[in-house]
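The block underneath contains the structure these notes are about, expressed in structure tokens.
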2 protein chains.
Amino acid sequence: MSKSNNVYKDAYNRGLRLLDETKSLPSEPELGTLLGVSRTTIRSILARMEETGLIAWNKRSKTVLRVPRPDDFFPEEETDTLSQIIERSFMRRLLAGGAEPGMQINELELAREIGVGTTSVREFLIRFSRFGLIEKRRNSHWVLKGFTRAFALELTEIREMFELRSAAAFAALPEDSPVWADLDRLEDEHRLLAREIATRFNEFSELDERFHRLIHRASHNRFIVDFYDVIAMIFHYHYQWNKAQERERNEVAVAEHLAYIAALKSRDLDKVDAACRKHLKSARNTLLNSIPEGHQP
Amino acid sequence: MSKSNNVYKDAYNRGLRLLDETKSLPSEPELGTLLGVSRTTIRSILARMEETGLIAWNKRSKTVLRVPRPDDFFPEEETDTLSQIIERSFMRRLLAGGAEPGMQINELELAREIGVGTTSVREFLIRFSRFGLIEKRRNSHWVLKGFTRAFALELTEIREMFELRSAAAFAALPEDSPVWADLDRLEDEHRLLAREIATRFNEFSELDERFHRLIHRASHNRFIVDFYDVIAMIFHYHYQWNKAQERERNEVAVAEHLAYIAALKSRDLDKVDAACRKHLKSARNTLLNSIPEGHQP
DNA sequence: AAACTGTTTTTTCACGATAAAAGACATTAA
DNA sequence: TTAATGTCTTTTATCGTGAAAAAACAGTTT
């Protein structure tokens, strides 16, 4: 087994959803751009759809014969990328405890435990190293630096520096920039979520990421934009890990976002600065509170 | 051929230099820490030194029999890490022209051209991607973003943000911090270099890096410290590429460094800010001037 | 002739295998 | 009894290989 066909399976599942809406499918290249895969993969998908009696396929004509059933879909877990699988396993280990700072990380052991090749684990660790949680010893093992208080403080220091600058850049953007429409849309989504916060509070984290990414993009600086990957990754796992007072925390955050948005729309740099600072401060506290106070110097 | 023994060869060469100075070598573990390799490698080195008649080796006694000759050394090029080899090849291609932004990067082609396996090239590209010069298309090729004016501006924007903050942190360090001694030593080296700038101007880039790294370390922030890798890498190749007015440029930079050092020692934050700003501004201009003004939007 | 489908080639992704290097354990010398 | 050496085991670095996926090419259809 040298490479799983998760790209095919994932695209197939997404392709099935298209069958609900139309009576016949578009051309192969069009399907390719729609699903974000190559024609080669599209043709495999079409071949299977034909086999399972979902469509009749003859050259250009691709007629939908029936609506897909639940069992037509590939199981969710077969559609994951290998690196997603490795990341999840790795983060589970890291957060599940017993992960003391200074601990060694063993590529071979990780690979065996997850059931993948060493190459994939190595590549994952190299990619992951930019998050600042692990470090490589030349010709030797990786060392876990740990999700410590120091880490959180260093991370938020940069975040605050970058976001204050991005927010200022955002507010200075011309009237006709399309970002203002994006911001309006996000504001509506925030209003909606605020109204139904009691039941939908767990949808906040996704909205949070979209909002902050929009702001960071105004910096027009690849290093600032890319750094948000670190923040997003940490917050993603942090949200999964720490569910304490999630509803209250998110309710506060939504309100802060709305104030932040209002400040941006006012284009008053002082107001923007204040609203941004206030929100980032509470985000930092949330993060710091979730870190188990350990044996740290 | 699955792995070159460059670690052994490099350590062997460095080991030879020890023979000049002493009549007998220390214990295996001691040699290991001295050369930064494991005992396994030390024993291979000792075995060869015995074979070639450099030492007499019997258990604890390792007597030097003769001084090493030039031909005892392994050739320089055999001591390079594979990733160094790949990086050099890649950068040569990148800087040698014909590297238009938007160009595709082909792992297989690169690997064949350099004469290494694809795995090593893949790992190199992943590591290299944090410099912001290339970007991966999922399941497909890498795209060269190019060493453009925009890149230089984004890079220097972050650099200035980080260094101003680090310099302020540096100046605020307590009297008894060991960094002040480090700074004194660097100041002496600068003075020395300034006096002999006519002949030794090409030694500046190494001094430059040590100086700025010392300052960045005062931030106590891993993201700031790590970001200096990006700057160092760019400046390293930039220096190789652009030799125009190298002497003059470096002479100016040494003077700026000395002013910067004086400001730090004064602990006057305004002076530090001004000296830092001045130096970073001229560093930015140097970098910008070296970028060929192309067909950029 | 523009856009599609059919076919072939190339590239990416991931694995197992193997030598180099590190590390662990056992033994011996001071 | 500490610290070395001798020996054995494990891990890392790198390659070649093969299937998945992309991309290029050639032939059709509208």
Side-chain angles (χ1 to χ4, degrees), chain A residues 1-11 26-32 35-47 57-62 81-83 85-86 104-112 115-126 136-142, chain B residues 1-11 26-32 35-47 57-62 81-83 85-86 104-112 115-126 136-142:
Chain A
M1 183 237 306
S2 62
K3 192 183 182 182
S4 92
N5 54 354
N6 66 79
V7 172
Y8 158 73
K9 286 177 176 171
D10 180 54
S27 76
E28 294 173 14
E30 205 168 325
L31 278 169
L35 297 177
V37 293
S38 76
R39 250 188 76 218
T40 309
T41 305
I42 292 294
R43 298 191 110 239
S44 313
I45 291 171
L46 291 173
W57 180 28
N58 188 286
K59 309 206 168 171
R60 283 157 209 241
S61 95
K62 306 168 195 85
T81 313
L82 194 55
S83 66
I85 295 169
I86 297 175
Q104 292 185 15
I105 295 164
N106 188 317
E107 290 177 4
L108 201 60
E109 189 188 316
L110 253 177
R112 271 194 298 246
V116 298
T118 58
T119 313
S120 317
V121 170
R122 280 175 66 80
E123 288 184 3
F124 164 76
L125 290 172
I126 295 170
K136 176 107 183 109
R137 294 284 138 84
R138 283 251 285 117
N139 276 309
S140 183
H141 52 259
W142 290 84
Chain B
M1 184 238 308
S2 61
K3 192 182 181 181
S4 91
N5 54 354
N6 66 79
V7 172
Y8 158 73
K9 286 178 176 169
D10 180 54
S27 76
E28 293 173 14
E30 207 168 322
L31 278 168
L35 297 177
V37 294
S38 75
R39 250 189 77 219
T40 310
T41 305
I42 291 294
R43 299 191 110 237
S44 313
I45 291 171
L46 291 173
W57 181 26
N58 187 284
K59 309 206 170 175
R60 277 151 215 248
S61 94
K62 307 168 194 86
T81 313
L82 193 55
S83 65
I85 295 170
I86 297 175
Q104 292 185 15
I105 295 165
N106 189 318
E107 290 177 5
L108 201 60
E109 189 188 318
L110 254 177
R112 271 195 297 247
V116 298
T118 58
T119 313
S120 316
V121 170
R122 282 175 65 80
E123 288 184 3
F124 165 77
L125 290 171
I126 295 171
K136 175 107 184 108
R137 293 284 138 83
R138 283 252 282 115
N139 276 309
S140 183
H141 51 259
W142 291 84

Calculate the interatomic distance between [X] atom [atom1] and [N] atom [atom2]; express it in whole Å.
X: A:Glu123; N: C:dA14; atom1: CD; atom2: C1'; value: 8 Å
X: B:Gln104; N: D:dA23; atom1: CD; atom2: C1'; value: 9 Å
X: A:Tyr8; N: C:dT12; atom1: OH; atom2: C1'; value: 20 Å
X: B:Leu31; N: D:dA4; atom1: CG; atom2: C1'; value: 12 Å
X: A:Asn139; N: D:dT10; atom1: CG; atom2: C1'; value: 15 Å
X: B:Arg43; N: D:dC8; atom1: CZ; atom2: P; value: 12 Å
X: B:Arg122; N: D:dC15; atom1: CZ; atom2: C1'; value: 14 Å
X: B:Trp142; N: C:dC13; atom1: CH2; atom2: P; value: 9 Å

Counting side-chain heavy atoms from CB outward, which of [options] is closest to [X]?
X: B:Thr118; options: C:dT7, C:dA14, D:dC15; answer: C:dA14
X: B:Pro29; options: D:dA4, D:dA22, D:dT14; answer: D:dA4
X: B:Leu108; options: D:dA13, D:dT14, C:dT11; answer: C:dT11
X: A:Lys136; options: C:dA21, D:dA13, C:dA14; answer: D:dA13
X: A:Arg112; options: D:dG6, D:dT11, C:dA22; answer: D:dT11
X: B:Glu107; options: D:dA22, C:dT12, D:dC15; answer: C:dT12
X: A:Val7; options: D:dA22, C:dA21, C:dG16; answer: D:dA22

Minimal non-hydrogen separation, [X] against [Y], with atom names:
X: B:Glu107; Y: B:Val121; answer: O-CG1, 3.9 Å
X: A:Ala11; Y: A:Val37; answer: CB-CG1, 4.0 Å
X: A:Thr119; Y: B:Thr119; answer: CG2-CG2, 3.6 Å
X: A:Leu108; Y: A:Asn106; answer: N-OD1, 3.0 Å

[X] vs [N]: side-chain N/O to OP1/OP2 distance below 4.0 Å:
X: B:Thr41; N: C:dA22; result: yes
X: A:Asn6; N: C:dC13; result: no
X: A:His141; N: D:dT10; result: no
X: B:Asn106; N: D:dA23; result: no
X: A:Ser38; N: D:dA22; result: yes
X: A:Asn5; N: D:dA20; result: no
X: B:Ser120; N: D:dC15; result: yes

Using a 4.0 Å heavy-atom cut-off, does [X] contact any base of the nucleic acid, only the sugar-phosphate backbone, or nothing at all?
X: B:Ser140; answer: sugar-phosphate
X: A:Lys62; answer: sugar-phosphate
X: A:Ser27; answer: sugar-phosphate
X: B:Ile105; answer: sugar-phosphate

End axis versus end axis in the helix from C:dA1-D:dT30 to C:dA30-D:dT1, the angle rounded to 10°, five pairs used at each terminus: 30°
Could you check whether the side chain of B:Thr40 and the base of C:dA22 have a donor-acceptor pair of N or O atoms closer than 3.5 Å, going by distance alone? yes
So, does the side chain of B:Ser2 form a donor-acceptor pair with the base of D:dT14 at under 3.5 Å? no
Pairwise distance [atom1]([X]) to [atom2]([Y]) - rounded to 0.5 angstrom:
X: B:Ile42; Y: B:Leu31; atom1: CD1; atom2: CG; result: 5.0 Å
X: B:Thr41; Y: B:Asp10; atom1: OG1; atom2: CG; result: 11.0 Å
X: B:Leu125; Y: B:His141; atom1: CG; atom2: NE2; result: 12.5 Å
X: B:Ile45; Y: B:Thr40; atom1: CD1; atom2: OG1; result: 11.0 Å
X: B:Glu28; Y: B:Lys59; atom1: CD; atom2: NZ; result: 12.0 Å

Starting from the 5' end of DNA chain D, give me the residue, B:Ser83 or B:Pro26, whose nearest nucleotide shows up first. B:Pro26
B:Arg138 vs A:Arg138, nearer the 5' end of DNA chain C by closest nucleotide: B:Arg138
Can you confirm whether [X] sits close enough to [Y] that some side-chain heavy atom of one is under 4.5 Å from a side-chain heavy atom of the other?
X: A:Ile126; Y: B:Phe124; result: no
X: A:Arg39; Y: A:Pro29; result: yes
X: B:Glu109; Y: B:Gln104; result: no

Quick one, give me the B/S/- string for nucleotides 25-30 of chain D, reading 5' to 3', where B means a protein heavy atom under 4.0 Å from the base and S means that only happens at the primed atoms, P, OP1 or OP2. ---BS-
